[in-house]
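Since the structure comes first, as structure tokens, the remarks are kept for the end.
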Amino acid sequence: PPTAHLDVFPYMKRHSGHITVHASEAFGLPSIGEALQWCGADRLGHGVRIVDDLTAVDVEPVLGRLAAYVRDNRVPLEMCPSSNVQTGAIRDLASHPLKLYYNLGLRVTVNTDNRLVTDTTVSKELWLAHTQMGLGLEDLKQIVLAGFKSAFLPFHVKQASLRKVSEELRPFT
């Protein structure tokens, strides 16, 4: 759990460091709360179990307090579909909540987690998001842009990168 490492996080904040905490893949929903509330995470590695803070009302998912906080504060969820299946956090790619989170307005990015252990690339993960989870080209473009928006870079560098990538993605509209 993130709170097992509390001594590191104040140091990072005091030195203007950015913090990503791997949360929920193994420790579940409580680790997301710990990562945000105790550790001051700027980004969540995985965050896949935020689904446990959703309830169905008239068949529509409703965000709980923690999920709404993640959405409203644009906390990026670094989704690693193949890794999540490999570790058993998710049963299979078709049941991965990436598309659900995207449709609910959470900021999701597509990542590899550990490229060599999982034997994947970001391109492969995006392809799987399309073929196994039903995300369309426009959805994938927005997810790629979310990754750039969530980068730990100086604002002017991030803006320049976003402009360049947006221009490169334009022909695919």
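Heavy atoms only: backbone and side chains are in, while hydrogens, waters and symmetry mates are out.
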[X] versus [Y]: any side-chain heavy-atom pair under 4.5 Å?
X	Y	result
Leu135	Ile143	yes
Gln132	Asp92	no
Leu36	Val75	yes
Ile50	Val70	yes
Leu140	His130	yes
Glu78	Val108	no
Thr55	Pro61	no
Val21	Arg43	no

Are [X] and [Y] in one and the same hydrophobic cluster, where Ile, Leu, Val, Met, Phe, Trp and Tyr link if side-chain heavy atoms are under 4.5 Å apart?
X	Y	result
Val122	Leu128	yes
Phe152	Met12	no
Ile32	Ile19	no
Leu29	Leu98	yes
Met79	Val144	yes

Pairwise distance [atom1]([X]) to [atom2]([Y]) - rounded to 0.5 angstrom:
X	Y	atom1	atom2	value
Glu168	Lys141	CD	NZ	12.0 Å
Asp119	Thr112	CG	OG1	11.0 Å
Leu106	Leu104	CG	CG	6.5 Å
His22	Cys80	NE2	SG	6.5 Å
Leu137	Leu126	CG	CG	10.5 Å

Quiz item: Going through the checks in order, is the side chain to side chain donor-acceptor pair (under 3.5 Å) test met by Glu125 and Ser82?
Solution: CA-CA 7 Å; Glu125 294 299 303; Ser82 294; 2.6 Å; yes
Quiz item: After noting the C-alpha distance and the side-chain angles of Lys158 and Phe148, does the key distance pass the side-chain contact (heavy atoms from CB on, under 4.5 Å) rule?
Solution: CA-CA 7 Å; Lys158 194 182 316 190; Phe148 281 88; 5.6 Å; no
Quiz item: For the side chain of Tyr101 and the backbone of Val51, is there at least one donor-acceptor N/O pair under 3.5 Å apart?
Solution: yes
Quiz item: Does any N or O in the side chain of Asp53 come within less than 3.5 Å of the main-chain N or O of Leu66, such that one atom is a donor and the other an acceptor?
Solution: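 Flag set: sc Asp53 to bb Leu66 pair under 3.5 Å.
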Heavy-atom closest contact ([X] atom, [Y] atom, distance):
X	Y	answer
Lys99	Gly134	NZ-O, 3.2 Å
Pro2	Glu34	CD-OE1, 3.4 Å
Glu138	Tyr102	O-OH, 4.3 Å
Ala23	His46	O-CB, 3.8 Å

Neighbour count above 12 (heavy atom, 6.0 Å) for [X] [atom1]:
X	atom1	value
Lys164	NZ	no
Asn114	CG	yes
Arg71	CZ	yes

Quiz item: Do the ring centers of His5 and Phe9 come within less than 6.0 Å of each other?
Solution: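 For His5 and Phe9, the ring centres are not under 6.0 Å apart.
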Exercise. Report the C-alpha distance between Arg74 and Asp42 in whole Å, list the side-chain angles of each, state the deciding distance to 0.1 Å, and finish with yes or no for salt bridge (Lys or Arg N to Asp or Glu O under 4.0 Å).
Key: CA-CA 9 Å; Arg74 312 309 299 144; Asp42 300 302; over 6 Å; no
Quiz item: Which is it for Leu145 and Leu162 under the side-chain contact (heavy atoms from CB on, under 4.5 Å) test, yes or no, and what are the steps along the way?
Solution: CA-CA 7 Å; Leu145 290 172; Leu162 275 165; 3.9 Å; yes
Quiz item: If you measure from the Lys or Arg side-chain nitrogens to the Asp or Glu carboxylate oxygens, is any gap between Arg65 and Asp72 under 4.0 Å?
Solution: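 No, this pair does not count.
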Quiz item: Below 4.0 angstrom, N of the basic side chain to O of the carboxylate: do Arg163 and Glu167 qualify?
Solution: no
Quiz item: Stepwise, does the side-chain contact (heavy atoms from CB on, under 4.5 Å) test hold for Cys39 with Leu6?
Solution: CA-CA 7 Å; Cys39 306; Leu6 284 178; 4.0 Å; yes
Quiz item: Distance only, no hydrogens: is a donor on one side chain within 3.5 Å (strictly under) of an acceptor on the other, for Ser24 and Arg49?
Solution: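 No pair is found: no donor N or O on one side chain lies under 3.5 Å from an acceptor on the other.
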Quiz item: When you look at Glu25 and Asn84, which way does the side chain to side chain donor-acceptor pair (under 3.5 Å) test go after all the steps?
Solution: CA-CA 7 Å; Glu25 191 180 37; Asn84 294 151; 2.9 Å; yes
Exercise. Tell me, with the steps shown, if Leu54 and Leu100 meet side-chain contact (heavy atoms from CB on, under 4.5 Å).
Key: CA-CA 11 Å; Leu54 304 178; Leu100 171 65; 3.7 Å; yes
